[in-house]
Amino acid sequence: IGNPVVGCGGSTLLGYIGIDTIIEQMRKKTMKTGFEFNIMVVGHSGLGKSTLVNTLFKSQVSRKSAGWARDEKIPKTVEIKSVSHVIEEGGVKMKLTVVDTPGFGDQINNDNCWEPISKYINEQFEKFLKEEVNITRKKRIPDTRVHCCIYFISPTGHTLRQLDMEFMKRLSHSVNIIPVIAKADTMTIEERQEFKQRVRKELEMSGIEFYPQKEFDDDMEDKSDNDKIRETMPFAVVGSDKEYQVNNKRVLGRKTAWGIVEVENPNHCEFAQLRDFLIRSHLQDLKEVTHNIHYETYRAKRLNDNGGLHPISTNGTHDSNL
Amino acid sequence: MIERPETAVPSITQRNLEGYVGFANLPNQVYRKSVKRGFEFTLMVVGESGLGKSTLINSLFLTDLYSKDYPGPSQRIKKTVQVEQSKVLIKEGGVQLTLTIVDTPGFGDAVDNSNCWQPVINYIDSKCEDFLNAESRVNRRSMPDNRVHCCLYFIAPSGHGLKPLDIEFMKRLHDKVNVIPLIAKADTLTPEECQLFKKQIMKEIQEHKIKIYEFPDTEDDEDNKLIRKIKEKMPLAVVGSNVVIEVNGKKVRGRQYPWGVAEVENGEHCDFTVLRNMLIRTHMQDLKDVTNNVHYENYRSKKLAAVTCNGVDTTKTKGQLTKSPLAQMEEERREHVMKMKKMEAEMEQVFEMKVKEKKQKLKDSEAELERRHEQMKRNLEAQYKDLEEKRRVFEDEKNNWEAQQRILEQQKLDASKSVNKSKEKFF
């Protein structure tokens with residue numbers, strides 16, 4: 001009469017077993033091993049990408065701070081530069097990699113400037129696939145896949161530019177895209193609302209799904225949370241790494257002749273919302289969607305093309321050595 | 001006192017007047033005539049969409065050129081660069097101004113923006129050409145001046161420097177029209193960022209040898225001081241708005257943010273007042289003069305030199321504009337022929353490559369067939385040998401069997417013989 005029956009339909013327990021301590025065990029494990037997060041920032045130069053990344057992680061983690069000159073010339077082709085840092089908070093270590101894309105959208109002729117980015121993302125998937133398919137696998141496969149791509153929209157106040165649409169159309173199926181409106185202190189509140197509505201409508205009409213995608217909502221709770229977030233996206237953000245004194249408080253902000261724009265003030269801009277969304281609530285989900293959906297899509301396509309699980313050569317993503 | 005001329009060579013000497021003659025009234029006469037005639041001014045605005053060009057025009061001239069009934073180019077999305085002009089007649093203090101605003105929607109908006117400046121250049125040239133034709137006519141009674149007097153180029157406030165598109169555009173237009181670069185939406189930048197940005201832009205402009213509009217030095221010291229101050233502020237950082245907001249009891253035009261109000265006409269907030277004063281109040285006539293004397297003359301000399309030069313040796317003047325139309329045609333024909341030849345050579349190459357491929361394929365399949373043939377032959381031979389072997393075995397068996405039969409026969413015979421012998425014995 002002692003043993004509880006554990007059936008598939010769920011059943012009541014007759015005593016305390018201790019299954020719920022698994023959360024504590026996972027937490028301890030995570031703290032020991034730490035975790036990796038790879039974030040990519042895309043947008044043409046001068047939109048405040050590096051500043052925003054520095055502000056998000058409250059440290060000098062962007063390419064600019066890693067020693068690159070402030071006024072270096074615009075590169076002639078899109079380059080991919082990644083910088084890694086290990087940051088620690090509350091005993092938890094995170095290996096953060098910021099992938100920057102200087103030169104995107106800066107040329108006169110921007111045809112196919114998304115191709116180097118697409119190639120980079122696929123290369124990371126390829127690396128992971130190779131490790132997975134190996135006969136003797138490493139204990140922990142190093143994860144360099146891009147978990148999240150923040151796309152910076154220029155605050156024109158009118159509509160999305162053609163380049164924005166082309167990029168998001170092509171990459172929304174290989175990576176989680178989070179669009180943000182850069183330098184939001186250019187627009188007044190009404191202009192901002194109008195612009196956001198127009199952008200959302202345009203994205204919907206072209207069938208571009210940004211993160212969090214509607215099709216991956218697990219249950220009603222997820223759906224309602226994500227719906228609320230989707231209504232306020234794209235977030236209008238302002239970045240800054242300078243502090244000023246406002247009302248006896250030190251705040252991050254930008255000082256203009258007519259006032260101080262506070263970065264973390266929800267009445268001024270939506271930076272705090274973006275940060276909470278990205279780091280405090282959906283960080284793990286971003287990684288999971290990347291692993292379970294984008295990576296799986298890539299893997300399935302790759303294996304179908306090759307016709308079998310053979311170790312793959314490194315000559316590009318479509319060569320086969322069968 | 002009248003001074004006598006000292007030499008016989010006619011020279012211009014200065015004489016003092018003894019009484020009031022009255023030609024000091026000349027400027028007033030000019031003034032009255034001009035006021036009656038009215039003034040014309042054509043202003044062109046170029047920049048990517050969303051930089052606030054229409055708003056700035058409305059703020060500059062305090063009118064709604066683009067209103068709800070006549071939505072401006074900003075409301076329409078263009079796939080290619082268009083050049084649109086809108087005329088408006090404004091009156092102030094008895095002076096009439098026919099203001100033409102030329103807008104360029106679609107500039108810099110496409111993914112591939114190569115040659116997006118071409119429609120702009122074509123427009124400017126066509127206006128100069130119209131004026132040239134009007135000048136050369138027999139009846140020159142009414143000569144409307146539609147030439148572009150000033151081009152405001154809007155630079156996006158990235159804070160880093162000029163984009164390749166900006167540099168290309170300004171390089172191509174600085175000797176056709178007065179280019180005044182402006183930093184758009186300057187309320188994006190803090191004062192320090194603005195300073196750095198301006199310095200960076202001026203540095204790049206000098207690097208690429210772009211000739212932006214220069215303010216002429218006047219004799220007046222006061223004015224010179226002002227002009228020097230303006231020069232230091234170039235390129236001007238502007239903010240546009242026609243919305244009136246109340247700040248500290250005063251009504252000002254500005255943009256309302258949660259953290260403050262950016263005033264358009266406040267010199268500390270942006271350089272809008274500098275631009276307006278410069279453009280309208282002090283230098284409008286100078287812009288028109290420079291357009292007429294410098295840019296238009298450039299265009300005219302180039303155009304006329306190209307038309308009047310006939311029979312010039314084309315080998316010497318290749319690349320210059322002094323080519324006769326016949327020589328031009330000849331060159332075009334030669335170019336065309338060369339292009340054809342190149343295409344032909346390319347096609348031949350492609351053809352050869354394809355032929356080689358096909359040959360290779362055929363060879364491969366031939367080799368394959370040969371191999372199979374060989375294999376089949378060998379199979380056949382093996383089978384044949386097998387059969388031979390079997391036949392031999394069979395023959396042997398047959399022989400054996402026959403031999404056996406014969407022995408049996410022999411035995412039978414022997415047996416019958418012996419029976420016969422025994423039968424004979426009985427008789």
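On a predicted model such as this, the values are computed, not experimentally measured, just so you know. Order of the sequence lines sets the chain letters (A, B, ...), proteins ahead of strands, with each chain counted from 1.
Under a cut-off of 6.0 angstrom, the local environment of NZ in Lys231(B) is crowded, with over 12 non-hydrogen atoms contributed by other residues, nucleotides or ligands.
The closest donor-acceptor contact from the side chain of Arg161(A) to the backbone of Ser49(B) lies at 3.5 Å or more, if one exists at all. The backbone N or O of Thr186(A) sits less than 3.5 Å from a side-chain atom of Tyr257(B), completing a donor-acceptor pair. Judged purely by atom type and a 3.5 angstrom limit, Lys185(B) has no side-chain atom pairing as donor or acceptor with the backbone of Met187(A). A distance-only check finds a donor-acceptor pair linking the side chain of Lys183(A) to the backbone of Pro157(B) [under 3.5 Å].
Heavy-atom distances place no part of Leu47(A) under 4.5 Å from chain B, backbone and side chain included. The contact between Gln256(B) and chain A is made entirely by backbone atoms, counting heavy-atom distances below 4.5 Å.
Heavy-atom proximity under 4.5 angstrom to chain A picks out Val111(B), Asp112(B), Asn113(B), Ser114(B), Trp117(B) from residues 111-118 of chain B. The stretch residues 262-279 of chain B places Ala262(B), Glu268(B), His269(B) near chain A, each with some heavy atom under 4.5 Å from a heavy atom of that chain.
Lys163(B) is not listed as a side-chain neighbour of Gln107(A), based on a closest heavy-atom distance of 4.5 Å or more. Two residues are said to be in side-chain contact when any heavy atoms from C-beta on lie closer than 4.5 Å; Glu168(B) and Ile108(A) meet this criterion.
Under 4.0 Å is where a charged nitrogen must lie from a carboxylate oxygen, and between Glu192(B) and Lys255(A) no such pair does.
Options Thr256(A), Val238(A), Asp111(A) differ in how many heavy-atom pairs under 4.5 Å they form with chain B, and the most are formed by Asp111(A). The choice from Asn267(A), Leu163(A), Val261(A), Ile260(A) that makes the most heavy-atom pairs within less than 4.5 Å of chain B is Val261(A).
Of all heavy-atom pairs between Ser45(A) and Ser158(B), the closest is O-CB, 3.8 Å.
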Before you tell me yes or no, could you show the steps for Val261(B) and Trp258(A) under side-chain contact (heavy atoms from CB on, under 4.5 Å), namely the whole-Å CA-CA distance, both residues' side-chain angles and the distance that decides it to 0.1 Å? CA-CA 6 Å; Val261(B) 175; Trp258(A) 48 90; 5.7 Å; no

Go through the steps for Glu191(A) and Arg255(B) under the test salt bridge (charged side-chain N to carboxylate O under 4.0 Å, His left out), then give the verdict. CA-CA 11 Å; Glu191(A) 290 170 354; Arg255(B) 289 170 63 72; 2.8 Å; yes

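The distance from the OG1 atom of Thr188(A) to the CG atom of Asp187(B) is 9.5 Å, given to the nearest 0.5 Å.
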